[in-house]
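Notes follow the structure.
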There are 2 protein chains.
Amino acid sequence: MQIGELARSTGVKIETIRYYEREHLLPLPQRTEGNYRLYSPRHVEQLRFIRYCRSLDMSLEEVRILIGVLDTPSGSCLTVNALLDEKIAEVDARVNELHKLQDQLRQLRGFCQQPDEVKTCGILMELNRSAGIDKAQI
Amino acid sequence: MQIGELARSTGVKIETIRYYEREHLLPLPQRTEGNYRLYSPRHVEQLRFIRYCRSLDMSLEEVRILIGVLDTPSGSCLTVNALLDEKIAEVDARVNELHKLQDQLRQLRGFCQQPDEVKTCGILMELNRSAGIDKAQI
DNA sequence: CCTTGACCCTGAAGCCACTTCAGGCTTTTC
DNA sequence: GAAAAGCCTGAAGTGGCTTCAGGGTCAAGG
Ligand SMILES: [Zn+2]
Ligand SMILES: [Zn+2]
Ligand SMILES: [Zn+2]
Ligand SMILES: [Zn+2]
């Protein structure tokens, strides 16, 4: 299976696959006489694993750790649990931030119901006012 | 006011201030004889405006647009409204994504109550299984 | 007068996770 | 035998900064 087919069957761009190879996240594939990469089902599996971890918002460094853990099957999985707990905490924190942001943005949007001139626009006035208040608070 | 004081009074790092200058987000300051930057209250205001917009998750490109709008006070503020609407939609979408992610992560975490060996860890097994299922779905 | 230390300067490179580009080779198809 | 599709490499670009290397400026103290 060459790189194009791997890309199609996983939905990962060719350049990304080569990038993962450079980053040692995918084992080096065999090569044809013409120097084309040749992948095995094992590569497909590992690439999917990487992408699934990425879809769970893990960094490549974290994926690297997980792959390392998988390669020592007799070790303990404490690392994995810790990694997940941290990730969960991060996501929770981010969601809270974004909830606040939603409130702020909606409130701000309310300051200009119908578009007027820039110099009287409630949004812009409020942006300037809030920037000033931040000043006072800090 | 030189750059250090500006940095202290706004909580923005010196390097970031210089970066904004390079990016034409802050007007060029005056210089002393020794080539030190000299800032006016106008700069303080604009820097705070930038940081406040950034705290609302706007990109520097979007901040640049807002600054441009502010510089033509007789124009209409349609752009501003559109920008905010788009931003609100983006944040809403991201919150939805993260909610799903929270569910996934918590469910995944549940697969390993107490740490066992890597080869029997429910989390790792589930990660591999899910990566495989994604394959079938696509 | 000289040195120390705080403060400032520039240009370049590093961060992450890719993406894009330039320029060229291999294989398949007509 | 020539075009088209596929593949190769190495380098640079993305955003929003941060960090680094290698300096220059300025006020205070000895
Ligand atoms: Zn919610
Ligand atoms: Zn308005
Ligand atoms: Zn939920
Ligand atoms: Zn476990």
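A, B, ... follow the sequence lines: proteins, then strands. Residue 1 opens every chain. The shown structure was predicted, so the numbers you read here are calculated from the model rather than taken from an experiment.
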Completion exercise
Those residues at least two apart in sequence (or on a different chain) that pass ring-ring contact (aromatic ring centres under 6.0 Å, His included) with A:Y19 are none
Give every donor-acceptor pair under 3.5 Å between a side-chain atom in residues 64-77 of chain B and any protein atom, sequence neighbours left out.
| unit_1 | atom_1 | unit_2 | atom_2 | d |
| --- | --- | --- | --- | --- |
| B:R64 | NE | B:E61 | OE1 | 3.1 |
| B:R64 | NH1 | B:E23 | O | 2.6 |
| B:T72 | OG1 | B:V69 | O | 3.2 |
| B:S76 | OG | B:L78 | N | 3.1 |

Practice task
Would you mind classifying the nucleic acid contact of A:E23 as base, sugar-phosphate or nothing, using non-hydrogen atoms under 4.0 angstrom?
Solution key: nothing
Exercise for the section: Grab the OH-P distance between B:Y19 and D:dG16 for me, whole Å please. Expected result: 6 Å
Exercise for the section: Return the set of residues passing side chain to side chain donor-acceptor pair (under 3.5 Å) with A:Q2 (not counting sequence neighbours), or none when no residue passes. Expected result: none
Handout entry: Between C1' of D:dG15 and CG of B:D57, the distance in whole Å
Key = 13 Å
Problem - Close residues, residues 28-43 of chain A, relative to DNA chain C [heavy-atom separation under 4.0 Å] - result: A:G34, A:Y36
Practice task
Return the value, rounded to whole Å, for the distance between atom NZ of A:K13 and atom P of D:dC7.
Solution key: 15 Å
Fill in the blank from the handout: At a 4.0 Å cut-off to heavy atoms of chain A, the contacted part of DNA chain C spans C:dA17 to C:dT27
Practice task
Give, for atom OG of B:S9 and atom CE of B:M1, the distance between the pair rounded to the nearest 0.5 Å.
Solution key: 4.0 Å
Side-chain polar contacts of residues 113-123 of chain A - donor-acceptor pairs under 3.5 angstrom, sequence neighbours left out - could you list them?
| unit_1 | atom_1 | unit_2 | atom_2 | d |
| --- | --- | --- | --- | --- |
| A:Q113 | NE2 | A:G110 | O | 3.0 |
| A:T120 | OG1 | A:E117 | O | 3.2 |

Practice task
Could you tell me, to 10°, how much the axis swings from one end of the helix from C:dC1-D:dG30 to C:dC30-D:dG1 to the other, five pairs per end?
Solution key: 30°
Fill in the blank from the handout: Sorted by chain and number, sequence neighbours left out, side chain to side chain contact (heavy atoms under 4.5 Å, CB included) with B:E45 holds for none
Exercise for the section: Output the single nucleotide from D:dT18, D:dC7, D:dG16 whose closest atom is nearest the side chain of A:I3. Expected result: D:dC7
Completion exercise
Comparing nearest nucleotides in DNA chain C, the 5'-proximal residue of the pair B:E5, A:E61 is B:E5
Handout entry: Which residues share a ring-ring contact (aromatic ring centres under 6.0 Å, His included) with B:Y36, sequence neighbours left out
Key = none
Handout entry: Partners meeting side chain to side chain contact (heavy atoms under 4.5 Å, CB included) with A:A82 (sequence neighbours left out)
Key = none
Completion exercise
Sequence neighbours excluded, the answer for salt bridge (Lys or Arg N to Asp or Glu O under 4.0 Å) partners of B:R94 is A:D57, B:E97
Practice task
Could you name each residue pair satisfying side chain to side chain donor-acceptor pair (under 3.5 Å) that touches residues 77-90 of chain B, not counting sequence neighbours?
Solution key: A:R109-B:D85, B:E62-B:K87, B:K87-B:E90
Exercise for the section: Look at B:E126 together with B:R129 and state whether they make a salt bridge at an N to O cut-off of under 4.0 Å. Expected result: yes
Handout entry: N/O (side chain, B:R54) to phosphate O (OP1/OP2, D:dC17) under 4.0 Å
Key = yes
Exercise for the section: Round to the nearest Å and state the distance from B:L60 atom CG to D:dT18 atom P. Expected result: 11 Å
Practice task
Mind calculating the distance between CZ (A:R18) and C1' (D:dC8) to the nearest angstrom?
Solution key: 7 Å
